[in-house]
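As structure tokens, the structure follows; a few thoughts come after it.
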Amino acid sequence: MSEIQNQSTHWADITADKIIREKGDKALYTCASGITPSGTVHIGNFREIITVELVVRALREKGKNVRFIYSWDDYDVFRKVPKNMPDPEKLEKYLRFPITLVPDTTGRAENYARANEKAVEDILPAVGVFPEYLYQAERYRASYYAEDIKHALEHRDEIRNILNEYRTEPLPESWWPVAVFSSFTNKDTTTVLDWDGEYGITYRDDELGKTETIDIRKTPNTKLPWRIDWPMRWVKEGVDFEPGGKDHLTEGGSYDTSKNVVKVFGGEAPVTMRYDFVQIKGHGGKISSSSGDVVDLYDVLEVYPPEIVRYLFVGTRPSSEFAISFDLDVLKIYEDYDNTERIYFGLMKVNEKKAEKEKRIYELSQIDDKNIPTEPGYQIPFRHLCNYLQIYSGDVEKVLERFPDATESQKERLRVRMKCAWTWLEKYAPEEFKFALRGDGDLYEADDKEKAAIMELADFADKYLDELSEKEFSEYIYQTAKDNEMENADFFRLIYQALIAKDKGPKLASFLKACGRDRVVEILRRY
RNA sequence: GGGCCGCUAGCUCAGCUGGUAGAGCAACAGACUCUUAAUCUGUGGGUCAAAGGUUCGAUCCCUUUGCGGCUCACCA
């Protein structure tokens with residue numbers, strides 16, 4: 001029964017096969033992801049989540065039972081104040097605190113970490129991602145890992161030797177595999193002095209010089225350092241797959257040491273996969289992290305519908321770097337997605353190998369794999385859609401009236417798409433791409449000769465615009481220019497000025513047709 | 001210093017389990033006197049970074065070199 005040949009060459013399917021091969025046939029596979037919510041969770045962090053989600057989906061499609069966990073490492077230390085957070089002076093006072101004890105200066109949640117977490121948890125369902133969240137602060141503070149910390153303490157030398165393998169400065173003899181937040185100040189500026197061989201730890205608060213002995217079964221203040229914490233949790237949850245950024249997956253990186261430390265805890269390392277970072281293109285001055293602004297999933301979803309956001313990640317191997325674009329490339333991305341969709345529905349012929357690949361990408365791009373569209377989207381180029389939207393000043397329903405043949409499901413998808421298109425037009429589109437039809441009383445100052453030419457075109461439009469094809473009508477445009485002894489270039493400029501107060505605009509014949517006879521005639525007749 | 005990734009047409013890149021190369025844009029020619037990265041048709045263009053090796057056969061696997069980038073060796 002497991003002999004079913006899966007022909008898919010998609011990386012998610014290949015990875016799923018690899019997990020099954022390396023971990024054996026299991027009743028339950030656990031796939032994990034996780035990050036530290038030390039600031040706004042940006043789109044680069046999303047790559048890890050979606051990578052796991054796709055592998056989870058691939059495993060489930062192979063009939064496997066899968067647990068998808070997402071660990072919030074919210075008991076990590078608050079190291080620096082991100083520049084995009086309000087009230088930095090206040091946050092400054094909480095440096096070295098665990099992020100779960102830092103206040104949320106945005107007023108969205110009970111604490112800093114939670115605010116960042118909530119933003120993600122609220123939006124992930126929109127892109128079809130439903131993990132089980134684990135909160136490490138809550139667990140550590142409830143001494144959930146007390147026995148594991150004790151285990152680490154018992155294997156202090158062994159762990160130190162593993163970590164020292166890749167360190168330039170070996171850890172000192174006095175080092176202990178545990179970190180303590182001071183119960184006096186909440187900060188991690190402490191030094192562990194001793195362990196009693198059981199559950200008692202004595203530490204010194206380095207700022208105050210005070211010492212204290214705490215019981216790891218009762219204190220909320222202990223945690224394991226990252227390179228021990230990670231492998232410990234692999235064992236705790238039985239993790240079979242967890243990807244990592246290239247900072248983790250390099251020789252001497254945390255995966256390297258963790259795969260050895262995990263043996264101390266009696267387990268083995270999960271199958272992993274390295275993902276590269278995501279770049280941002282065309283996001284104005286908001287690109288650099290030094291400016292403090294980060295691009296998160298909300299920003300991307302403003303411009304791309306959920307399935308296209310997924311498509312960006314599905315279609316790129318995780319190990320390749322790619323850029324999410326907010327500039328004119330957006331048009332190409334939409335067109336690429338539409339091509340993939342046409343291939344899926346057989347509307348576009350390509351060779352079989354390519355077709356299989358594209359179909360799989362299309363399936364995995366859908367937010368609900370049990371509810372994949374049964375018909376393609378309404379076939380209209382994104383560029384054209386942008387023009388329609390601008391003609392109707394962003395009124396989505398008015399645009400839809402122009403597509404009476406669209407089905408309900410197509411209209412639903414168009415609504416989402418137009419909302420994105422409109423946001424893109426307003427926030428990111430280059431000026432030359434944008435226009436607005438002139439309103440009442442807003443006239444181009446035309447001379448008599450120009451007025452005559454405009455009127456002639458108005459008359460032609462009144463009679464023929466809706467009946468003739470684009471190509472046929474463009475003949476009239478040239479004819480009108482000729483009749484009025486105007487150069488084509490001048491005539492085009494005149495019409496654009498009359499309609500949208502610009503020298504250039506969308507390809508004229510199709511633009512006029514998109515505007516519709518009534519609008520065109522109404523505006524031109526004002527002259 | 002270690003490790004990883006990349007080097008394929010003018011540009012951006014596909015090509016992934018080895019069978020002597022592809023798509024978009026650009027260029028050129030024509031179609032319609034043409035406007036906003038406008039439309040259609042057609043054409044040209046690559047010693048697959050270099051040198052060795054394995055193989056019947058290498059862009060693909062191995063070794064070395066060059067160039068570019070990233071990352072670790074602090075913390076998470």
Work out how far the [atom1] atom of [N] is from that of [M], and round it to whole angstrom.
N       : M       : atom1 : value
rU12(B) : rA49(B) : P     : 15 Å
rC62(B) : rG24(B) : C1'   : 35 Å
rA51(B) : rG66(B) : P     : 16 Å
rC48(B) : rU59(B) : P     : 7 Å
rG44(B) : rA38(B) : P     : 24 Å
rU43(B) : rA9(B)  : C1'   : 14 Å
rU20(B) : rC56(B) : C1'   : 13 Å
rA58(B) : rG1(B)  : C1'   : 33 Å

- Message: I'd like to know whether Asn84(A) forms a side chain to side chain donor-acceptor pair (under 3.5 Å) with Thr40(A), so could you lay out the CA-CA distance, the side-chain angles of the two residues, the decisive distance to 0.1 Å, and finally the verdict.
- Response: CA-CA 8 Å; Asn84(A) 65 336; Thr40(A) 305; 2.9 Å; yes
- Task: Tell me, please, which residues at least two apart from Tyr337(A) pass ring-ring contact (aromatic ring centres under 6.0 Å, His included).
- Result: Tyr311(A), Tyr362(A)
Under the rule for side-chain hydrogen bond (donor to acceptor under 3.5 Å, both in side chains), what residues qualify as partners of [X], not counting sequence neighbours?
X         : answer
Tyr275(A) : Glu48(A)
Arg141(A) : Tyr75(A)
Asn161(A) : none

Check nucleotides 59-63 of chain B against the protein and report each pair of N or O atoms closer than 3.5 Å, with its distance, or say if there are none.
none

Charged N to carboxylate O below 4.0 Å: is that the case for [X] and [Y]?
X         : Y         : result
Asp17(A)  : Arg21(A)  : no
Glu117(A) : Arg114(A) : yes
Lys118(A) : Glu121(A) : no
Asp76(A)  : Lys223(A) : yes

- Secondary-structure string, 5' to 3', Watson-Crick or G-U under 3.5 Å, | for another-strand partners, for RNA chain B: (((((((..((((.....[..)))).(((((.......))))).....(((((..]....))))))))))))....
- Task: Ignoring the backbone of Thr168(A), work out which of rA38(B), rC74(B), rA76(B) is nearest its side chain.
- Result: rC74(B)
Using a distance-only test with no angle check, is there a side-chain donor-acceptor pair under 3.5 angstrom linking [X] and [Y]?
X         : Y         : answer
Glu242(A) : Trp234(A) : yes
Asn339(A) : Glu335(A) : no
Glu207(A) : Thr185(A) : no

- Message: Taking salt bridge (Lys or Arg N to Asp or Glu O under 4.0 Å) as the cut-off, I'd like each qualifying pair that reaches into residues 166-182 of chain A, sequence neighbours left out, listed once.
- Response: Arg160(A)-Glu173(A)
- Beyond-backbone contact of Phe322(A) with Arg47(A), side-chain heavy atoms, under 4.5 angstrom: yes
Please state how far atom [atom1] in [X] lies from atom [atom2] in [N], giving the value in whole angstrom units.
X         : N       : atom1 : atom2 : answer
Glu358(A) : rG15(B) : CD    : P     : 11 Å
Ile14(A)  : rU17(B) : CD1   : P     : 7 Å
Ile343(A) : rA23(B) : CD1   : P     : 13 Å
Tyr166(A) : rC75(B) : OH    : C1'   : 19 Å
Leu163(A) : rC72(B) : CG    : C1'   : 14 Å
Tyr275(A) : rC5(B)  : OH    : C1'   : 16 Å
Trp230(A) : rA76(B) : CH2   : P     : 13 Å
Lys507(A) : rC40(B) : NZ    : P     : 9 Å

- Is the count of non-hydrogen atoms from other residues, nucleotides or ligands lying under 6.0 Å from Lys502(A) atom NZ greater than 12? yes
- Per ring pair (Phe, Tyr, Trp, His ring centres under 6.0 Å), Tyr140(A) is matched among Tyr135(A), Phe181(A), Tyr145(A) by Tyr145(A)
- Note on the structure: Result for 5'-nearest mapping on RNA chain B, choosing between Ile500(A) and Asp73(A), is Ile500(A)
- Walking RNA chain B from its 5' end, the first of Ile477(A) and Lys223(A) to be reached, judged by nearest nucleotide, is Ile477(A)
- Task: Using a 4.0 Å heavy-atom cut-off across all strands, classify Arg274(A) as base, sugar-phosphate, or nothing.
- Result: sugar-phosphate
Just the table, please: protein N/O against nucleotides 12-14 of chain B N/O, every pair under 3.5 Å.
none

- salt bridge (Lys or Arg N to Asp or Glu O under 4.0 Å) with Lys259(A): which residues, sequence neighbours excluded? Asp256(A)
- Message: Just to verify, what does Arg96(A) make a salt bridge (Lys or Arg N to Asp or Glu O under 4.0 Å) with, not counting sequence neighbours?
- Response: Asp188(A)
Please tabulate the protein-to-nucleotide N/O contacts below 3.5 Å involving nucleotides 1-3 of chain B, giving atom names and distances.
from: rG2(B); atom 1: O2'; to: Glu251(A); atom 2: OE2; distance (Å): 3.1
from: rG2(B); atom 1: N2; to: Thr250(A); atom 2: OG1; distance (Å): 3.2
from: rG2(B); atom 1: N2; to: Glu251(A); atom 2: O; distance (Å): 3.4

- Message: Looking at Arg167(A), I'd like to know whether one of its side-chain N or O atoms comes within less than 4.0 Å of OP1 or OP2 on rC75(B).
- Response: yes
Name the pairs: protein N/O against N/O of nucleotides 67-70 of chain B, kept only if under 3.5 Å.
from: rC70(B); atom 1: O2'; to: Lys246(A); atom 2: NZ; distance (Å): 2.6

